Amino acid sequence: MSFIDNKGTFIIMLIEIRRIRFMKHPTFLLIILFASAIIFACSPDSVEPTKDIQLAESFIGKDYDSVIYYAKNYLAGNENEEYQYYGHIVSGYAYLQKEEFIKATAHYLQANELIPERERYQQDKSDILMTLGYIAKTFLAHEHAILYYHEALSVVTDSEKAGILYNLGNVCKNMEEYDSAIVQYQSCINDAKKFDQYKRIIKAKVQLGTVYNKQDLLDEARKEFDDVIDNKFELNTQTYIARALYYKANNEISRGKFEEALDLFNQSLSLESSITDKFIANMDMGHCYLKMEDYQNALSALQTAENLYADAKPYPEYAEVFNLLATAYEKRGNTEAAVLSLR
């Protein structure tokens, strides 16, 4: 079996793309998405091309500069399109790990152009398109993400469509196109049910509930959250139950049922969940206390959220915790602390 057929290395490189951090400055967006090529100022190396790619693979997870160096030599010393395709995959992955998204995107685009038109490469093509879609979504290039995801839908097997539909729903939600998001999430749930993909169903139901919340369709939202909270799918899904609980709590706040919301927040915080989930639950609980004019408890919850902020995923909207904290300090008569919070 040649190294091109070694799917193990390829899979290692394409999984866990979600480890990429959300960038605070998406102003590099257009450059990243429209960069279509990398010019290699490198002469062919004396080492055999297969040796170069084997050396590149050996440094994956250890030294990505070395991965890039040997992959560059491999690309410069081999004109075979099938091998060029693989060289771009290796290079793109290495640049992803270095968070050099312009170069990563360029290599994945090149790989997508060079991928052999044979059935055995269809899964690879869908993985490339999903990776491009994720990069585009991360940098808020929603239209590009939708294009990549729709192209991926045309090549994946039926059992893989639910995952792409879920991502499409997320993009539509981020674009505030809520009707479209609902359609995508519902399609995701229907497709996932055909293949007993219960974890995907739960994730889609949580997101569907949040969209219903945004549309003030509170009863519809509660139904989705309750399906997850009741854990009808018999999975170890504490993270998603925790999310459903704090989203349902916000639903109760919208109804003016603050005590019920506080109970749900506390249930959420009692479960095993990520730092980001605990940050959101504490921030939103602080907001609930502010509405109840219980400023001491608001301050306590918001201070907990503030302490978690640095380790939570740095989405821009999470900075709202500082505005809430400033309000709590002001209501407690601590103007100086309020001003410092806003800094």
Side-chain angles (χ1 to χ4, degrees), residues 21-22 24 173-174 202-203 205-219 221-222 224-231 236-343:
R21 296 196 300 272
F22 185 91
K24 292 183 180 179
K173 178 184 171 184
N174 291 340
I202 288 173
K203 291 174 69 175
K205 279 184 168 290
V206 170
Q207 293 300 324
L208 182 57
T210 65
V211 174
Y212 283 139
N213 263 353
K214 288 180 179 295
Q215 291 192 312
D216 290 327
L217 298 172
L218 302 183
D219 290 337
R222 283 169 64 89
E224 301 302 332
F225 296 141
D226 285 339
D227 279 352
V228 177
I229 293 166
D230 293 343
N231 200 13
N236 183 15
T237 54
Q238 284 204 32
T239 294
Y240 302 109
I241 293 173
R243 290 175 190 170
L245 283 164
Y246 66 65
Y247 284 133
K248 185 179 178 182
N250 285 322
N251 184 294
E252 297 291 358
I253 291 173
S254 297
R255 296 168 181 267
K257 296 182 177 181
F258 302 127
E259 295 293 345
E260 290 85 345
L262 292 175
D263 180 58
L264 291 166
F265 283 129
N266 284 315
Q267 287 183 53
S268 175
L269 289 167
S270 72
L271 299 177
E272 291 184 14
S273 59
S274 70
I275 291 174
T276 300
D277 289 315
K278 292 191 181 301
F279 164 80
I280 295 171
N282 276 288
M283 179 175 69
D284 290 349
M285 183 163 64
H287 187 208
C288 182
Y289 277 124
L290 284 177
K291 286 182 172 291
M292 297 171 71
E293 300 183 357
D294 184 346
Y295 302 124
Q296 181 56 49
N297 280 321
L299 193 59
S300 176
L302 291 167
Q303 286 172 334
T304 301
E306 181 186 28
N307 292 334
L308 295 170
Y309 177 79
D311 294 320
K313 292 180 181 178
Y315 290 104
E317 60 266 30
Y318 292 175
E320 176 63 17
V321 69
F322 300 110
N323 292 326
L324 296 172
L325 197 55
T327 300
Y329 278 125
E330 183 182 14
K331 294 294 185 181
R332 292 282 296 170
N334 193 339
T335 306
E336 182 179 355
V339 172
L340 289 173
S341 295
L342 293 174
R343 289 181 180 176

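Just so it is clear, the values below take in all heavy atoms, side chains as well, and ignore hydrogens, waters and symmetry mates. Since the model is a prediction, treat every value here as computed from it, not as a measurement.
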Original post:
Are the side chain of D294 and the backbone N or O of Y289 linked by a donor-acceptor pair below 3.5 Å?
Top reply: no
Subject >> Shortest non-hydrogen separation from L290 to Y295 and the atoms involved >> reply: CD2-CD2, 3.7 Å
Original post:
Are the side chains of E259 and E252 in touch, meaning some heavy atoms are under 4.5 Å apart?
Top reply: no
**OP:** Using atom types as modelled and distance alone, determine if a side-chain donor or acceptor of Q238 lies under 3.5 Å from a backbone N or O of L271.
**Re:** no
Subject >> Side-chain heavy atoms of Q207 within contact of E224, under 4.5 Å >> reply: no
Original post:
Just how far is it from atom OH of Y309 to atom CE of M283, taken to the nearest 0.5 Å?
Top reply: 10.0 Å
Subject >> Residues that E320 engages under side chain to side chain donor-acceptor pair (under 3.5 Å), provided they are two or more places apart >> reply: N323
**OP:** For N307, enumerate each residue passing the side chain to side chain donor-acceptor pair (under 3.5 Å) test, keeping only those at least two apart in sequence or located in another chain.
**Re:** none
**OP:** Locate the shortest heavy-atom distance separating F258 from C288; write the atom from each residue and the value.
**Re:** O-SG, 3.8 Å
Original post:
Is the CD atom of Q215 crowded by more than 12 outside heavy atoms at less than 6.0 Å?
Top reply: yes
Subject >> Set of residues satisfying side chain to side chain donor-acceptor pair (under 3.5 Å) with respect to Y212, sequence neighbours excluded >> reply: Q186
Run the side-chain donor-acceptor check on residues 298-306: report pairs under 3.5 Å with partners two or more places apart or on a different chain.
from, atom 1, to, atom 2, distance (Å)
Q303, NE2, Y329, OH, 3.0
T304, OG1, S300, O, 3.0

Original post:
Is there a donor-acceptor pair under 3.5 Å between the side chain of N213 and the backbone N or O of Y247?
Top reply: yes
Subject >> Results of side chain to side chain donor-acceptor pair (under 3.5 Å) for R332 - residues two or more places apart only >> reply: Q296
Residues 260-268, side-chain donor-acceptor partners within the protein, below 3.5 Å, at least two apart:
from, atom 1, to, atom 2, distance (Å)
D263, OD2, Q267, NE2, 2.9
N266, ND2, L262, O, 3.1
S268, OG, A242, O, 2.8

